Amino acid sequence: MRGICPICDAVLGFGDVEEAEVVVCSGCGTRLVVEEVKESEVVLTEAPEVEEDWGE
Ligand SMILES: [Zn+2]
């Protein structure tokens, strides 16, 4: 599967990803969220800034 980075337009290849999974663009290093998985491509959006520390 592949997806296009919305930040730098790099074409990214993925093995197997699921919706809501966070990936990192190899082109610009931006954290991206898999918004939608289609047959052979994934829709990516920029991940919101999140702290590594989950309080709960
Ligand atoms: Zn990128």
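Start at 1 and go down the list; that is how both ligands and their atoms are numbered. Fair warning: this is a prediction, and the values are worked out from it, not measured in the lab.
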CD-CD1 distance between E46 and I7, expressed to the nearest 0.5 angstrom: 4.0 Å

Co-membership, hydrophobic cluster, residues L32 and V17, 4.5 Å side-chain: yes

Under 2.8 Å from the Zn ion (ligand 1), the protein N, O or S atoms, given as residue and atom: C5 SG, C8 SG, C25 SG, C28 SG

Residues that S26 engages under side-chain contact (heavy atoms from CB on, under 4.5 Å), provided they are two or more places apart: L12

Verify same cluster id: V23, V33 (apolar side-chain graph, 4.5 Å): no

Cluster link I4 to F14, ILVMFWY, side chain under 4.5 Å: no

Nearest-0.5 Å distance, CE of residue M1 to NZ of residue K38: 12.5 Å

